[in-house]
2 protein chains.
Amino acid sequence: MAKKEDDARTRLQGAALELFRERGYDRTTTAEIAARAGVTERTFFRYFPDKREVLFDGQVILRTALTGSIAQAPSGLGPLDVLFQAFRSLQPALEANRSYARPRQDVIAATPALQERELAKIAALTHALTLALKARGVSDLRAVLAADVCMAAFVWATLSWLDDPKVGLGDRLDAAFRELKGLLAENG
Amino acid sequence: MAKKEDDARTRLQGAALELFRERGYDRTTTAEIAARAGVTERTFFRYFPDKREVLFDGQVILRTALTGSIAQAPSGLGPLDVLFQAFRSLQPALEANRSYARPRQDVIAATPALQERELAKIAALTHALTLALKARGVSDLRAVLAADVCMAAFVWATLSWLDDPKVGLGDRLDAAFRELKGLLAENG
DNA sequence: CCTCGTTTGTCAGTAACTGACAAGTAGGAG
DNA sequence: CTCCTACTTGTCAGTTACTGACAAACGAGG
């Protein structure tokens, strides 16, 4: 059983987000997070390798979902469309997660150290996409460029949707990928 | 006069790169860097806000060069071509800098903490490119996508050229941007 | 009840980073 | 040459992120 473990981990994440929202990331110590979660500072570092990591946990799920989608995509599709479809398949999960993702993103936006970590996570995800494309026979350079630009479109869509949900996430994704193809087409 | 200042700063950068190559980033303390540069640890932190930053200094020069190029580009050009031209104008400076950039890149590649910082610097540069494009009347979304994909092409070209200079930087840049434009053609 | 594996607490230590203040050092005004 | 000023550096004390080692609690199973 990993019952207690999951409890403590979840409590730590909740306590961290609360405190970061109340006092800001820099004015919150790991000891305070641990105290609010009812454990000691040492236990915090047993669950998370560093203070930043407490806000970055869903990346593994995202990665497996995306790479799975890519592997299963019909073989006739070009890399851009493969990735677009993979990102669209995330839509329901993201929408269900919005109430957590929104305040979390506010904290990240206010904290350079967390922005750095987020960029690293995005880069790791992009790298996984690149590998998944190469496994489909896409050339190295092309895989890199396709993964990078699609990730940029996805990030833009997600952030603008978190900022203002009046336009749905699906529409944002469509708009971003339409713009992407327009960019490459008109520029010749 | 900022004579002593520049001396100390330069010495610190040199000492840091040396030590990182000898022992690795993690096994090098800021006190050791300072000692090799002939100053105290406190002085290190007067010149650099944190330990990582000692390896990231040329970003301002890069940014001004790129944004300047973009602002001066002929108005008929599309965003991709504007950025391509801007990056090509960096070629001589980059080639002159290779003997420093090469070992530096090795250290970064071996150190996750430095990779994070580099991603943050690249993201900041990309943001500056986005603003420069918007100043030319490019729409927000299109500017974001164009800046991001061109930066990806540039980074790919630079890294692969640092890794193996048998193919020149100019050729790498050409190849990356050619591939970029080919992305859509086959992708439908 | 005992035992074993897992989780947690305790403690001591390292290293990044900061603020406050003192000391040196160069350059210009008199 | 001397004093004054501005800038750079050293010193010191302190906070906080993070780690290793060891002991204690605690729940499951024999």
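A, B, ... follow the sequence lines: proteins, then strands. Residue 1 opens every chain. Computed over heavy atoms, backbone and side chain alike; hydrogens, waters and symmetry mates excluded.
DNA chain C lies under 4.0 Å from at least one heavy atom of each of the following residues of residues 23-37 of chain B: B:Thr28, B:Thr29, B:Thr30.
When the nucleotides D:dG10, D:dA21, D:dA17 are ranked by their closest atom to the side chain of B:Arg46, D:dG10 comes out on top. Nearest nucleotide to the A:Thr40 side chain, out of D:dC18, C:dG9, C:dA16: C:dG9. Proximity note for A:Ala8 (side chain, C-beta onward) versus C:dT8, D:dC12, D:dT9: the nearest is C:dT8.
Following rounding to the nearest Å, B:Lys51 (NZ) and C:dC17 (P) show an atom-to-atom distance of 8 Å. Per the geometry, OH belonging to A:Tyr47 stands 13 Å off P belonging to C:dT6, to the nearest Å. Rounded to an integer number of Å, the gap from CG of A:Leu114 to P of D:dA17 is 12 Å. Regarding B:Phe45, its CZ atom lies at a distance of 5 Å from the C1' atom of C:dC17, rounded to whole Å. The distance from atom CG of A:Asp50 to atom P of C:dA15 is 18 Å, rounded to the nearest whole Å. A:Phe48 has its CZ atom 17 Å from the C1' atom of D:dT19, to the nearest Å. If you measure from atom CG of B:Leu19 to atom C1' of C:dA15, you get 15 Å, rounded to the nearest angstrom. Taking atom CZ of residue B:Arg42 and atom P of nucleotide C:dC17, one finds them 12 Å apart after rounding to whole Å.
Using a cutoff of 4.0 Å between basic side-chain nitrogens and carboxylate oxygens, B:Lys121 and B:Glu53 are scored as salt-bridged. Taking the charged nitrogens against the carboxylate oxygens, A:Asp164 and A:Lys166 do have a contact shorter than 4.0 Å, which makes a salt bridge.
Cation-pi geometry between B:Arg104 and B:Phe56 is met: the NZ or CZ atom falls under 6.0 Å from the ring centre, inside 45° of the normal. Taking the ring centre of B:Phe154 as origin, the terminal cationic atom of B:Arg172 falls outside the region bounded by 6.0 Å and 45° from the ring axis.
Using modelled atom types, one finds no donor on one side chain facing an acceptor on the other under 3.5 Å when comparing B:Gln85 with B:Arg88. No side-chain donor from either of A:Gln105 and A:Arg102 sits under 3.5 Å from a side-chain acceptor of the other.
The main-chain N or O of B:Ile108 is never found under 3.5 Å from a side-chain atom of B:Thr111 such that the two would form a donor-acceptor pair.
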